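This report concerns only the one structure given below.
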Amino acid sequence: MKRQLRTFGLISLCLLVSAGIWYVLDASEEKTNEPAAETGEETLWKADRKDVALVEVENENGGFCITWEDDGAVLEGAKGLPLNEDAVDAVRRSASLIKSQKEIPNGEDRLSEFGLDEPKSRVRIKDKKGKEVEFSAGDPAPEQEAGRRYVRLDNKVYLVEQSVVEVFEKRTEDFLSVQVTPAYEEASQNVLVTKVTLHRAGEDGEEEPLVLVYSDSQELAGYQVNSYELISPVMYPAAANTSEEFLPSFFDITADGIKAIRPDEQETAVCGLDVPYVNAEVCYENADGATKTFELDVSRPDEEGNVFLRLGGRDMIYLCDAGRIPWLEKRMGDLISHEILSPDIRTLKQLTVRKNGEEVSTVNLHNAGKNDAEITYGNKKIRPSDFQNFYYGLISLTADEVLLEQTEDTSRMEPVAEVVFEYENKEKDQVVYYQEAVWQLYAVLNDSERGLRLSASAVEAVLSDWERLLSGEEIKTRY
């Protein structure tokens, strides 16, 4: 019996020892598979932000090198090109402080597990005092440590926040400004655009350039409005919205990215800029009266609606959505004025209207558009405000179609009205309106200088206001 008890006790002891050994081995294996040992936050590198003097990076994207001198940052390989100051500042900010969240036990012996045998990036930081640090960044941490990256520094492996190292994954191009043309805020208040020239590559060679120039400025309804005219391919007034919609679109063009820095002839040709689809030249005067010019080459849009841009004097090529360049496909017909005639009221001396080829009435003007204006119809005085409201309605008449070359034969059309503008300099303009169809009139300026088609009802409304004006009724604005 005693022998049996000893045997049973021996067996039990062996089982307990075996279980203990199994538990210790299992616990040891679990501990080895833990991603890291939590040792707390640790500062690996620190420098005053303004003292960071160099950040040199090698990475899968080509890397970059930025140095900070007394007069600012210098991006290697891009000297003289405009920098994205926010992106450059982000590098200096990240380079001033590197903290670890955890240290990996025995990490130096297991570099391949963390992507540090062939790191994604190698970084060297140096401050103005000569102190420097080097580290490399590897793989992202597993899910339980999401948002962190493995980093090797001073023969140790750490986990650091992804945000600390992601800035070191950029390339040189990422630190260049994508602002292509001057900001519109700079050009909107105190800058006057004086000339815009568009050269376009056509199917059979270069088309005749489209040239738009500043012509005049006048105050309308309390606002100063600049007017423009085309001088090529024809001499013709530009649309009234030119200064508010067309011209601002040349400013503040922002690209999606940088395609090439200091491109060679082959790169330029591949981007379609050896023979640009459109070349734009914009001249303007700043608040000091100094003349400034910028020139922009644009490629033909590709199948995805993108274009390449090159600003004159800036040796790089941008990639941009063609939708940000609304003037790219503009032609003469898009820019010419559809107004019938819109002389400045201040230049007017006399206005004569003939209705149905018979009734003639003339209004005489003195200092029109000024505080001491005098407007008379025969011996009757007309309130300047009423005439001004009528006049703005008259010059606001717009055509649905403008004919510059092949004007219509009006010999079989019945004249509806004739308006003659006589100016202080004794020159005259004449507009004759003919009935072309039931609801449509055909207007001729200065004996077929140009023809215009417009709504009959719009002209009828103006003629009605003319009768009311002459009878002394109040005329309210229609614009």
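For clarity, every value in this text was computed on a predicted model and none was experimentally measured. Just so you know, these numbers use all the heavy atoms, side chains as well, and skip hydrogens, waters and symmetry mates.
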Within the distance-only criterion (no hydrogens, no angle test), does the side chain of Glu267 pair as donor or acceptor with the backbone N or O of Asp264 below 3.5 angstrom?
yes
Does Val165 form a side-chain contact (heavy atoms from CB on, under 4.5 Å) with Val160? I'd like the steps, not just the answer.
CA-CA 8 Å; Val165 296; Val160 303; 3.8 Å; yes
Where at least one partner belongs to [range], residue pairs that pass salt bridge (Lys or Arg N to Asp or Glu O under 4.0 Å), sequence neighbours excluded:
{"range": "residues 168-180", "result": "Arg149-Glu169, Arg171-Glu173, Arg171-Asp174"}
{"range": "residues 430-443", "result": "Glu436-Arg453"}
{"range": "residues 385-400", "result": "Arg383-Asp386"}

Name all residues meeting the side chain to side chain contact (heavy atoms under 4.5 Å, CB included) criterion together with Ala458; count only those two or more places apart in sequence or in a different chain, and write none if there are none.
Leu397, Ser455
For Glu422, the salt bridge (Lys or Arg N to Asp or Glu O under 4.0 Å) test, sequence neighbours excluded, returns none
Salt bridge (Lys or Arg N to Asp or Glu O under 4.0 Å) involving Glu161 - partner list, sequence neighbours excluded
Arg148
Please tabulate, for the side chains in residues 362-369, all donor-acceptor contacts under 3.5 angstrom to protein atoms that are two or more places apart in sequence or on a different chain.
| unit_1 | atom_1 | unit_2 | atom_2 | d |
| --- | --- | --- | --- | --- |
| Thr362 | OG1 | Thr352 | OG1 | 3.0 |
| Asn364 | OD1 | Gln350 | NE2 | 2.6 |
| Asn367 | ND2 | Asp372 | OD2 | 3.2 |

Which pairs pass ring-ring contact (aromatic ring centres under 6.0 Å, His included) with one or both residues in residues 290-331, sequence neighbours excluded?
Phe250-Trp327, Phe251-Phe294
Taking C-beta and beyond as the side chain, do [X] and [Y] meet within less than 4.5 Å on heavy atoms?
{"X": "Pro233", "Y": "Met332", "value": "yes"}
{"X": "Asp315", "Y": "Ile261", "value": "no"}
{"X": "Glu374", "Y": "Lys381", "value": "no"}

Inter- and intrachain pairs under side-chain hydrogen bond (donor to acceptor under 3.5 Å, both in side chains), touching residues 89-99, at least two apart:
Glu41-Lys99
For residues 270-282, which residue pairs qualify under side-chain hydrogen bond (donor to acceptor under 3.5 Å, both in side chains), counting only residues two or more places apart or in two chains?
Tyr277-Glu329, Asn279-Glu295, Asn279-Asp297
Answer yes or no: is there an ion pair linking Arg124 with Glu132, defined by an N-O contact shorter than 4.0 Å?
yes
Donor-acceptor contacts, no H, no angles, side chain residues 62-72, under 3.5 Å, sequence neighbours left out:
none

Side chains of Glu265 and Thr268: any donor to acceptor distance under 3.5 Å?
no
Determine whether the side chains of Asn226 and Asp216 contain a donor N or O and an acceptor N or O closer than 3.5 Å.
no
Among residues at least two apart in sequence or on other chains, which ones pass ring pair (Phe, Tyr, Trp, His ring centres under 6.0 Å) with Tyr214?
Tyr228
Qualifying residue for salt bridge (charged side-chain N to carboxylate O under 4.0 Å, His left out) with Lys355, from Glu418, Glu460, Glu467
Glu467
